[in-house]
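In what follows, chains carry the letters A, B, and so on, assigned in the order in which the sequence lines appear, proteins first and then strands, with residues in each chain numbered from 1. If you're wondering where the values come from, they're calculated on a predicted model, not measured in any experiment.
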Amino acid sequence: MAKIKAVRGMYDILPDQAPIWQFVEQQVRHLFSQYGYREIRTPIIEKTELFCRSIGTGTDVVEKEMYTFSCRKGGHLTLRPEATAACVRAVEEHGLAFNQVQRLWYNGPMFRYERPQKGRQRQFHQFGAEVYGIDSPDIDAELILMTARLWRKLGIEQVLQLQLNTLGSASARTAYRAELVAFLKANMSALDTDSQRRLATNPLRILDSKDTATQALLDHAPVFLDYLDKESISHFARLKQILDDAEIRYQVNPRLVRGLDYYCKTVFEWTTDDLGAQGTVCGGGRYDGLIAQLGGRPTPGIGWAMGVERLILLLKSMQAVPADIFNPLDVYLINLGSVAALVAQKLAESLRDQLPDLRLQLHCGGGDFKSQLKKADRSGAKVALLLGEDELVQEQIQVKPLRGQGKQQNIAFVELATHLQQILCP
RNA sequence: GUGGGCGUAGCUCAGUCGGUAGAGCUCCGGAUUGUGAUUCCGGCGGUCGUGGGUUCAAGCCCCAUCGCCCACCCCA
């Protein structure tokens, strides 16, 4: 019978890799606590309509990448392709943003039905931050500064570049988009096939086309700057001023558009050349209109998300993963014979009572002395404890350092905890 | 959705012109009765992705199919 394998594009995180995930998660959680952000956890399934109305029906994500299924009682549900929409939904549903500011963060799996490749999977994980109730650019800057701090903390700041743009107010953007589409439709024949397709789906992306004929045509197209509202311009100027003052380097990229409809004003991406085709590690922006669009009282919002898998790929390629996170053990307890096994079990429990931070593994499953010692070595433990018949009689145990130069010593049971503490925490 | 590359032991991979399936690592045992790592010897481990075809003979050639990887596209 054929073996069942994991679903395409969805991966197991095996014990060898889990410490890297724990390390990254711990670093990001600490970052959020440094800035006073609070965690929010929402379900991974939402009503399909939530994503259609927030992300936009014309986007790739909604049009062809969602895992959607019908509910037993009718209606359509979707595995979340991102978390901002769910966050907004929850915040509105519980009135969290009513006359107050919220700084929130989340972490968890997201789902998009795409062809898998490097840095792109169908189930992937994001950390994200969302802020509600602040319309001034100081919060835009704070959100960017905290990501910059994370890159420094992880030692990957050299390979990441900040791309920055402003999309203007929602109305300015819609007006421009309509003008651009009208212009391009009139010149349809001059467009490459890719761009012709994008005209219906994501017209602003056409500005980024690599086709030379298309680029030539774009020289005569409406210019976005002419449509930008004054408020957005000054918002953007202030953001840049704060970033300059904080000595955060960035590149203004007028072609930075982002593929989700809800963005307005500030958008940004942290990108790298070290990950192949999927170079965006973190991206985000402002979405002042979204909450009202979903039926709430008009409230400004802004946020970012980072791809954990991409972050980990980058850490590995930079060799920035600390080596000491992988060793799970301090002590391996060897026992010979059924009487020793009984005593060892009790001894192990007693040590865990006395030294709650001690990482101790009791050898189980028998085997001769030699094979147990071999397992102790392979386990990565710093110290082996040897309990056999001779030791039982004397109520002592052999303490054998496996890594350093220390000598093997005979230690009385009652002094074991103190002794271990001394040799393990110098 | 469209291209290109690749599927051989648990893992990493050799396999020449079509001629009975290999190595290293891991694991187990021995050299060494209760002292690991190094060394040496031995052992376990295979539907060569799957199905069909050509052939006296297929891991190798042909067709189909499934899977994985990379890229386009898109995004984190």
Enquirer: Measure from the side-chain heavy atoms of A:Q398 and tell me the nearest of B:C69, B:G36, B:U35.
Expert: B:U35

Enquirer: Could you measure between the two P atoms, the one in B:U12 and the one in B:G4, and give it in whole Å?
Expert: 26 Å

Enquirer: Over how many whole Å does the gap from A:R120 atom CZ to B:C75 atom C1' extend?
Expert: 8 Å

Enquirer: Expressed in whole Å, how much space separates the C1' atoms belonging to B:G59 and B:G15?
Expert: 8 Å

Enquirer: Could you tell me how far B:A37 sits from B:U26 if I compare only their P atoms? Round to whole Å.
Expert: 11 Å

Enquirer: When the distance from CD of A:Q372 to P of B:U33 is rounded to whole Å, what number comes out?
Expert: 17 Å

Enquirer: Send over the distance from A:L336 CG to B:G34 C1', rounded to a whole Å.
Expert: 7 Å

Enquirer: Once you round it to whole Å, what is the distance between C1' of B:G10 and CG of A:D12?
Expert: 15 Å

Enquirer: For A:L311, which contact category applies under a 4.0 Å heavy-atom criterion: base, sugar-phosphate, or nothing?
Expert: nothing

Enquirer: Give A:A376 one of three labels, base, sugar-phosphate or nothing, depending on what nucleic acid heavy atoms sit under 4.0 Å from its own.
Expert: nothing

Enquirer: Between the base of B:G1 and the side chain of A:E114, is one N or O donor paired with an acceptor at under 3.5 angstrom?
Expert: no

Enquirer: Quick one about A:K185 and A:Q196 (side-chain donor to acceptor, distance below 3.5 Å, no hydrogens or angles considered), yes or no?
Expert: no

Enquirer: Take atom C1' in B:C27 and the same atom in B:C70, then report the distance between them in whole Å.
Expert: 34 Å

Enquirer: Think A:R403 has a side-chain N or O under 4.0 angstrom from the OP1 or OP2 of B:A37?
Expert: no

Enquirer: Applying a 3.5 Å limit to both distances, which nucleotide forms a Watson-Crick or G-U wobble pair with B:A71?
Expert: B:U2

Enquirer: With heavy atoms under 4.0 Å as the rule, sort A:R378 into base, sugar-phosphate or nothing.
Expert: sugar-phosphate

Enquirer: Considering Watson-Crick and G-U wobble pairs with both distances under 3.5 Å, what does B:U32 pair with?
Expert: none

Enquirer: Between B:C74, B:C28, B:C72, which nucleotide gets closest to the side-chain atoms of A:A277?
Expert: B:C72

Enquirer: Between A:H76 and A:E49, do the side chains contain a donor N or O and an acceptor N or O under 3.5 Å apart?
Expert: no

Enquirer: Which nucleotide wins on minimum distance to the side chain of A:F369, given the candidates B:C75, B:C27, B:G34?
Expert: B:G34

Enquirer: Is the side chain of A:Q123 donor-acceptor paired with the backbone N or O of A:P109 at a distance under 3.5 Å, no angle test?
Expert: no

Enquirer: If B:A9 has a Watson-Crick or G-U wobble mate with both distances under 3.5 Å, name it; if not, just say none.
Expert: none

Enquirer: May I have the distance from A:L373 (atom CG) to B:U33 (atom P), rounded to whole angstrom?
Expert: 14 Å

Enquirer: Once you apply a heavy-atom cut-off of 4.0 Å, does A:G284 come out as touching a base, just sugar-phosphate, or nothing?
Expert: nothing

Enquirer: More 5' along RNA chain B: A:L260 or A:Q278, using each one's nearest nucleotide?
Expert: A:Q278

Enquirer: Quick check against the 3.5 Å criterion: does A:R310 have a side-chain atom that pairs as donor or acceptor with the backbone of A:T280?
Expert: yes

Enquirer: Return the pairing partner of B:C61 with a 3.5 Å limit on both distances, Watson-Crick or G-U wobble; otherwise return none.
Expert: B:G53

Enquirer: Would you compute the distance between atom CG of A:L143 and atom CD of A:E130 and round it to the nearest 0.5 angstrom?
Expert: 8.5 Å

Enquirer: Using atom P in both nucleotides, what's the gap between B:C61 and B:G5 to the nearest angstrom?
Expert: 14 Å

Enquirer: Is the backbone N or O of A:N335 less than 3.5 Å from a side-chain atom of A:Q372, with the two atoms forming a donor-acceptor pair by type?
Expert: yes

Enquirer: Taking the nucleotide of RNA chain B with the closest heavy atom to each, which residue, A:Y263 or A:E389, is nearer the 5' end?
Expert: A:E389

Enquirer: Does A:R115 place a side-chain N or O at less than 4.0 Å from the phosphate oxygens OP1/OP2 of B:G1?
Expert: no

Enquirer: With a 3.5 Å distance limit and no angle check, can you tell me whether A:S371 reaches the backbone of A:G367 through a side-chain donor-acceptor pair?
Expert: no

Enquirer: Would you indicate, yes or no, if B:C69 has its OP1 or OP2 atom less than 4.0 angstrom from a side-chain nitrogen or oxygen of A:Y11?
Expert: yes

Enquirer: Which part of the nucleic acid does A:G283 contact within heavy-atom distance under 4.0 Å: base, sugar-phosphate only, or nothing?
Expert: sugar-phosphate

Enquirer: Tell me: CD1 of A:I206 to P of B:C74, nearest whole Å?
Expert: 10 Å

Enquirer: Picking from B:A37, B:A76, B:U35, which would you name as closest to the side chain of A:K400?
Expert: B:U35

Enquirer: Given B:C28, is OP1 or OP2 found less than 4.0 Å from the side-chain N or O atoms of A:K375?
Expert: yes

Enquirer: Write down the distance separating the C1' atoms in B:C11 and B:G51, rounded off to the nearest Å.
Expert: 28 Å

Enquirer: Distance between the P atoms of B:G46 and B:A23, in whole angstroms?
Expert: 15 Å

Enquirer: Using whole Å, what does the distance between atom C1' of nucleotide B:A76 and atom CD1 of A:I312 come to?
Expert: 13 Å

Enquirer: Determine: side-chain N/O of A:K370 to OP1/OP2 of B:G36, distance under 4.0 Å, yes or no.
Expert: yes

Enquirer: When the C1' atoms of B:G24 and B:C63 are compared, how many Å lie between them, rounded to an integer?
Expert: 36 Å

Enquirer: May I ask you to verify if any side-chain N or O of A:Q117 is less than 4.0 angstrom from the OP1 or OP2 atom of B:C70?
Expert: no

Enquirer: Tell me whether the side-chain N or O atoms of A:Q408 pair up with the base of B:U35 as donor and acceptor below 3.5 Å, since no angle test is needed here.
Expert: yes

Enquirer: Separation of A:I4 atom CD1 from B:G67 atom P, in whole Å?
Expert: 15 Å

Enquirer: Examine the side chains of A:Q408 and A:Q398 and answer whether a donor and an acceptor come within less than 3.5 Å of each other.
Expert: yes

